[in-house]
Amino acid sequence: MEKIYCLLFLLCSAHVFAQNDYSLASINLGLTEYANSVLIDELVEVDVTNLDKVTTKTRRVVAVLNKMGNGDAKLFEYYNDNSKVKRINVRIYDALGKQIARYKKKDFIDVSRTGNAMYMDFRVLYKNYTPTAYPYIVVFESETETGDSAFIDSWFPLDGYAESTQKSVLKLKFNPANPLKYMANNLDGHDITITETQDELTFTATNIKAFRYEEHSPSKINFFPNVRLGLDAFKLKGTLGIGTNWQDFGKWMSTSLLSGIDELPDGTLARVKSLVANENTNEGKARKIYQYVQDKVRYISIQIGIGGWKPMPALEVDKLSYGDCKALTYYTKTLLDAVGVPSYYTVIYGDTDERDITADFTSLQGNHVILGIPDGEEITWLECTSQDTPYGYIGSFTDDRDALVITPEGGKIMHTKIYETEESLQNTSAKVKVNADGSVLANFESTSEGLQYEDKFLLPKKKTDEIDAYYKNRWGHINGFSIDGFEFKDDREQIAFTENVTLTIPNYANPVGGDYLFCANIFSQNSYIPPRIETRNQNLYIGYGYLDIDTVEVEIPANFIIDVLPESSVLETKFGKYEIDFSKTSENNLLYSRKLRIEKGEYPPAEYESYRAFLRSIARLDKTKILLKQNTN
């Protein structure tokens with residue numbers, strides 16, 4: 001409450017003492033709700049009349065309200081060997097509008113924007129500013145120039161959660177003979193206007209309140225206001241590109257980006273042809289080639305050349321045995337071509353948050369490349385950057401989304417594999433012996449498939465202590481246990497991973513006098529309940545469906561009896577279904593079964609509380625205990 005009073009005082013005081021517009025007095029107070037920063041005023045002017053020289057002038061005034069908003073000032077500009085930062089400066093003001101710092105271009109740090117890349121031709125000019133007090137105001141100005149007109153940044157008047165915008169203007173000047181095209185998304189309900197003339201587009205947003213982050217929301221691109229921009233004719237590293245429709249775009253990619261780089265050494269050609277000599281099907285040949293690539297190369301990000309879009313030549317990949325997603329995918333395609341197996345170079349958005357290539361807006365999109373192998377109407381998708389992923393498995397990084405497939409006829413939008421709920425199965429069978437001292441000896445066996453496979457198939461590459469830590473984290477609800485042994489089986493043909501773990505759990509059963517309370521659900525207790533959100537605004541999004549089936553056979557000590565078995569329970573909702581059952585198979589043995597099915601889907605905000613209630617009930621029932629009574633007869 002003290003912080004709120006302080007902010008209100010500063011807002012009021014600034015109105016009296018500010019000597020210019022750079023103060024908190026210029027902010028609409030309503031925009032501070034849920035906000036770490038406020039974009040007070042922004043003007044971005046882009047001139048694309050000359051495809052060989054695109055200029056961008058930016059002036060941005062941002063109020064940073066607290067420590068969480070420091071990154072929202074965005075005190076940086078990127079450039080590469082085909083672009084430059086002509087001008088950049090920053091001024092800092094305190095809450096009352098007094099200038100407290102100023103930085104020119106020479107004060108910025110100039111570094112390679114390598115990230116995880118081995119080499120990139122991208123660089124960044126940035127300024128680190130460490131504030132001494134909050135709130136403060138940042139005035140950022142820059143001017144850049146680039147020879148690439150293929151990439152025109154989308155307009156996001158709100159760039160992220162907890163950022164609000166008082167005013168943001170984007171002005172674009174273009175050649176009427178090559179007009180700018182745009183796609184406006186999620187503008188309804190916001191004060192956003194679009195003005196068009198023969199050679200200019202202007203987008204203006206005012207008084208857009210911050211979005212609060214809400215758990216289980218869709219990707220923000222699905223509800224944040226934004227405008228996608230592009231040109232039908234563009235330049236990319238001096239190469240003229242065409243983006244009128246996806247078919248022509250795909251032909252341009254084939255001609256300009258994917259041609260003249262498919263040469264392979266004679267020795268490699270002879271080796272792969274020999275490798276598949278006994279295979280009579282395309283799938284058999286493709287499996288052998290895919291394994292050959294996995295054994296030979298490794299992934300390293302190398303983003304140079306035509307905007308990071310042109311693959312490294314296959315000859316270089318063969319020689320160096322490394323490459324990025326483009327290079328390794330194209331190398332695999334080249335090897336498949338050599339043995340007569342058709343395949344499609346495919347551009348996609350790779351992320352666990354699903355994002356489609358926008359089908360009705362032709363432009364350079366995507367951040368990743370995979371390979372598609374046609375089989376009639378079906379496509380088998382290959383992730384060529386992994387040395388461990390099985391043939392035909394793509395997982396949550398590229399599943400269930402629209403991708404741009406480069407076919408011989410040109411570009412086509414196609415959908416990647418959808419892992420149905422039943423496919424993402426975890427089937428667990430456990431045998432448990434309860435000792436007279438309350439300790440438990442257990443044998444856990446579980447097979448995971450579909451999207452549940454990707455969580456486990458790399459376990460064999462871990463060290464013993466890492467595996468121990470993995471299970472201690474996975475079964476964190478168990479208060480102390482030791483792993484006596486483990487064995488893994490990775491069936492790469494069927495894409496199924498089996499774990500067999502034996503463990504000892506001291507003091508697992510809770511003593512009640514001379515009796516014990518025992519929870520038969522040792523391995524699948526779900527304690528997660530999403531946080532309560534008052535007046536939720538975003539849709540509820542469940543990212544993927546899965547099915548867990550658990551069977552636990554329990555043997556209790558000879559001098560104990562099972563007092564009363566808990567009742568069976570069934571919970572059925574639109575989000576999924578949960579079932580548990582207890583049965584006595586003999587005097588000292590019981591069988592516990594559990595089945596949880598969660599459905600992928602998107603639901604209105606009002607359904608969030610129902611989803612919470614469903615998970616809350618599961619968490620409660622998962623902890624159901626049985627009274628084991630000491631037999632005194």
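Remark: the Lys412 side chain and the Thr407 side chain contain no N/O donor-acceptor pair separated by less than 3.5 Å. No hydrogens or angles considered: nothing links the side chains of Lys296 and Gln387 as a donor-acceptor pair under 3.5 Å. Using modelled atom types, one finds a donor on one side chain and an acceptor on the other under 3.5 Å when comparing Thr268 with Asp318. Counting only N and O atoms by type, the side chains of Ser386 and Gln294 include no donor and acceptor under 3.5 Å apart. Side-chain contact check for Arg123 and Tyr79: at least one donor-acceptor pair (N or O, by modelled atom type) lies under 3.5 Å. Looking only at atom types and distance, the side chain of Asp622 has no donor-acceptor partner in the side chain of Asn526 under 3.5 Å away. Checking Thr398 against Thr416 by side-chain atom types alone, no donor-acceptor pair falls below 3.5 Å. For the residue pair Glu378 and Thr380, no side-chain donor N or O sits within less than 3.5 Å of a side-chain acceptor on the partner.
Partner of Phe444 under the ring pair (Phe, Tyr, Trp, His ring centres under 6.0 Å) criterion, chosen from Trp475, Tyr471, Phe486: Trp475. Across Lys600, Lys417, Arg355, a single residue satisfies salt bridge (charged side-chain N to carboxylate O under 4.0 Å, His left out) together with Asp400, and that is Lys600. The ring pair (Phe, Tyr, Trp, His ring centres under 6.0 Å) test with Tyr419 is passed by exactly one of Tyr393, Phe397, Tyr546, Tyr453: Tyr393.
In this structure, Thr573 OG1 and Lys577 NZ are separated by 11.0 Å, a value rounded to the nearest 0.5 Å. Between the CE atom of Met414 and the CG atom of Leu404 there is a distance of 11.0 Å, given to the nearest 0.5 Å.
For Ser219 (side chain) and Asn222 (main-chain N/O), no donor-acceptor pair under 3.5 Å exists by modelled atom type. Side-chain N or O atoms of Thr146 include none that pairs as donor or acceptor with a backbone N or O of Ser83 at under 3.5 Å. His368 places no side-chain N or O within 3.5 Å of a backbone atom of Tyr349 that could act as its donor or acceptor partner. Side-chain atoms of Tyr344 never come within 3.5 Å of backbone atoms of Pro374 as a donor-acceptor pair (strictly under, hydrogens ignored). Side-chain N or O atoms of Thr334 include none that pairs as donor or acceptor with a backbone N or O of Ala314 at under 3.5 Å.
Judged by the 6.0 Å distance and 45° axis criteria, Lys220 is positioned over the aromatic ring of Phe224. Figure legend: cation-pi geometry between Arg536 and Tyr608, with NZ or CZ positioned under 6.0 Å from the six-membered ring centre and within 45° of its axis. Phe497 does not carry Lys489 over the face of its six-membered ring by the limits of under 6.0 Å from the centre and within 45° of the normal.
Between Phe249 and Phe234, the ring planes are tilted. Angles from 30° to 60° get that label.
In this structure, Asp81 pairs ionically with Lys237, as a charged nitrogen and a carboxylate oxygen lie closer than 4.0 Å. At a threshold of 4.0 Å, the pair Lys235-Asp148 does not count as salt-bridged, since none of the basic side-chain nitrogens sits closer than that to a carboxylate oxygen. A salt bridge does not link Asp550 with Lys595: none of the charged nitrogens is closer than 4.0 Å to a carboxylate oxygen. Using a 4.0 Å cut-off between a side-chain N of Lys or Arg and a carboxylate O of Asp or Glu, Glu609 and Arg612 qualify as a salt bridge. The pair Glu409-Lys251 does not meet the salt-bridge criterion, since no charged nitrogen lies less than 4.0 angstrom from a carboxylate oxygen. With respect to the salt-bridge test (charged N to carboxylate O, under 4.0 angstrom), the residues Glu599 and Arg597 qualify. Using a 4.0 Å cut-off between charged nitrogen and carboxylate oxygen, Asp324 and Lys326 count as a salt-bridge pair.
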### Task
Could you please spell out the steps behind the salt bridge (Lys or Arg N to Asp or Glu O under 4.0 Å) verdict for Glu579 and Arg594?
CA-CA 6 Å; Glu579 304 171 73; Arg594 176 186 185 270; over 6 Å; no
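A 4.5 Å side-chain heavy-atom check between Gln538 and Pro605 finds every atom pair outside the cut-off.
Every residue meeting the side-chain contact (heavy atoms from CB on, under 4.5 Å) condition with Leu571, not counting sequence neighbours, appears here in chain and number order: Tyr578, Phe614, Ser617, Ile618, Leu621.
Within a 6.0 Å radius of CG in Asp465, other residues, nucleotides and ligands contribute more than 12 heavy atoms.
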